[in-house]
Amino acid sequence: MGSIKNNIQEISEDIKKYSPCPEKVKLVAVTKYVGTEEMTDVLASGVNIVGENRVQVLKDKKEKFDQSELGSKIKWHFIGNLQKNKVKYISDYIELIHSVNKLSLAKEINKRAEATDRIIEVLLEINIAGEESKEGYKIEKLYKELPEILKLKNIKVTGLMTMAPFTEDTDLVRRIFRELRKLKDDLSRDYFQGELKELSMGMSGDYKIALEEGATLIRIGSKIFS
Ligand SMILES: *Cc1c(COP(=O)(O)O)cnc(C)c1O
């Protein structure tokens, strides 16, 4: 267990070191690489937000944890590409969906949330670099669909998420994060009465840059588990 604990400790120190507002930053432990045993070590290290990118895996792990008292301690985040027909498997309990990237998905989440009398918090996933291979809203489509999304009563948009391109070019990565931050500030002012708060950006390779650029949720997997 030593190393998971040490890695988390190191990341916690980096949050204080690199973020201008460390008290607003939450670590999402991305547990897609590991089983429930390693996840128990994560919880023991004081991290209770867990991110998964596959519905079936998330659901299986949750069912396992629900058999123990740890079940109620975990806040489950969904971070991957979400298919509409799978929303129903997580809509009862998911704390945050980071990856809303189309209106039809937002509508499905809204419908499922309504059915269980919940308001589900979501982030809009943005493809800042406009890469063809990537999921996420391109800016133009975002502005087109946002008014419709805002009409949905059972979802609450609390922020934006992006994945930086896979590159050694740290200036480019920083630019992408900075643009997401700016977009968040613009949308917050124009559509959210200043209440759009969250910026989910930064993974194992680039979280320090993301922190410097204002990330409030960093999604870290390999750095915790290697
Ligand atoms: C896997 C994954 C991460 C974590 O990546 P690491 O480089 O292992 O830290 C973060 N976000 C998403 C969407 C992922 O799929």
Side-chain angles (χ1 to χ4, degrees), residues 3-15 18-19 25-36 38-39 41-42 45 47-62 74-83 86-87 90 94-102 105 109 121-129 131-138 157-170 172-174 176-177 180-181 184 198-226:
S3 95
I4 289 179
K5 194 173 179 187
N6 289 346
N7 292 341
I8 287 177
Q9 181 62 35
E10 203 179 301
I11 296 164
S12 306
E13 282 161 20
D14 285 337
I15 291 174
Y18 292 98
S19 170
V25 179
K26 285 173 285 212
L27 170 59
V28 179
V30 176
T31 48
K32 65 189 181 191
Y33 311 104
V34 299
T36 48
E38 289 95 333
M39 290 172 70
D41 292 347
V42 169
S45 306
V47 173
N48 64 352
I49 304 177
V50 157
E52 288 282 342
N53 67 341
R54 291 179 53 201
V55 167
Q56 188 62 47
V57 174
L58 191 157
K59 183 171 173 285
D60 290 348
K61 284 176 172 172
K62 173 159 169 32
I74 305 179
K75 298 176 192 302
W76 298 92
H77 284 201
F78 191 80
I79 61 170
N81 192 35
L82 182 55
Q83 289 170 284
K86 303 261 174 78
V87 171
I90 59 171
I94 201 76
E95 191 198 48
L96 184 65
I97 297 172
H98 290 232
S99 45
V100 170
N101 53 17
K102 51 175 99 66
L105 175 60
I109 297 168
E121 296 195 356
V122 305
L123 308 178
L124 302 176
E125 181 180 1
I126 313 292
N127 183 353
I128 287 278
E131 292 172 281
E132 287 306 328
S133 60
K134 277 256 174 78
E135 300 289 338
Y137 270 114
K138 295 194 186 155
V157 178
T158 61
L160 306 181
M161 180 272 230
T162 202
M163 287 176 70
F166 191 69
T167 168
E168 303 275 294
D169 183 349
T170 54
L172 173 62
V173 170
R174 186 180 298 280
I176 301 278
F177 291 154
L180 190 75
R181 160 91 200 241
K184 195 256 309 169
E198 306 291 347
L199 274 177
S200 171
M201 55 190 200
M203 311 182 3
S204 294
D206 55 20
Y207 73 91
K208 293 174 189 170
I209 302 174
L211 287 167
E212 287 175 336
E213 298 301 328
T216 64
L217 290 155
I218 51 176
R219 311 178 309 269
I220 301 191
S222 28
K223 164 104 186 168
I224 297 178
F225 299 106
S226 59

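Just so you know, ligand 1 is whichever comes first in the structure, and atom 1 is the first atom listed for that ligand. These values consider heavy atoms only, across backbone and side chains, with no hydrogens, waters or symmetry-generated copies.
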Considering non-hydrogen atoms of the protein only, which is the closest contact for [atom], and what is the distance?
atom	result
atom 11 (N) of ligand 1	R219 NE, 2.9 Å
atom 5 (O) of ligand 1	M203 CE, 3.5 Å
atom 7 (O) of ligand 1	S222 OG, 3.4 Å
atom 9 (O) of ligand 1	S204 OG, 2.5 Å
atom 8 (O) of ligand 1	Y33 OH, 2.4 Å
atom 12 (C) of ligand 1	I79 CD1, 3.5 Å

So which bit of K32 gets within less than 4.0 Å of ligand 1, heavy atoms only: side chain, backbone, both or neither?
side chain
Are the side chain of [X] and the backbone of [Y] linked by a donor-acceptor contact shorter than 3.5 Å?
X	Y	result
D206	T170	no
R219	I79	no
T158	E121	no

Using a 4.5 Å cut-off on heavy atoms from C-beta on, say whether the side chain of I220 contacts that of I11.
yes
Using a 3.5 Å cut-off on N or O atoms only, is K223 in polar contact with ligand 1?
no
Against Y18, only a single residue in E213, K208, E13 fulfils side-chain contact (heavy atoms from CB on, under 4.5 Å); can you say which?
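When E213, K208, E13 are each tested with Y18, the side-chain contact (heavy atoms from CB on, under 4.5 Å) holds only for K208.
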Neighbour count above 12 (heavy atom, 6.0 Å) for K134 NZ:
yes
Basic-acidic side-chain contact under 4.0 Å: K26, E198:
yes
Going by the atom numbers of ligand 1, which of them fall below 4.0 Å from some non-hydrogen atom of I220?
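What qualifies from ligand 1 is 9 (O).
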M163 heavy atoms, cut-off 4.0 Å: which ligand 1 atoms fall inside?
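Reading through ligand 1 atom by atom, the close ones are 13 (C).
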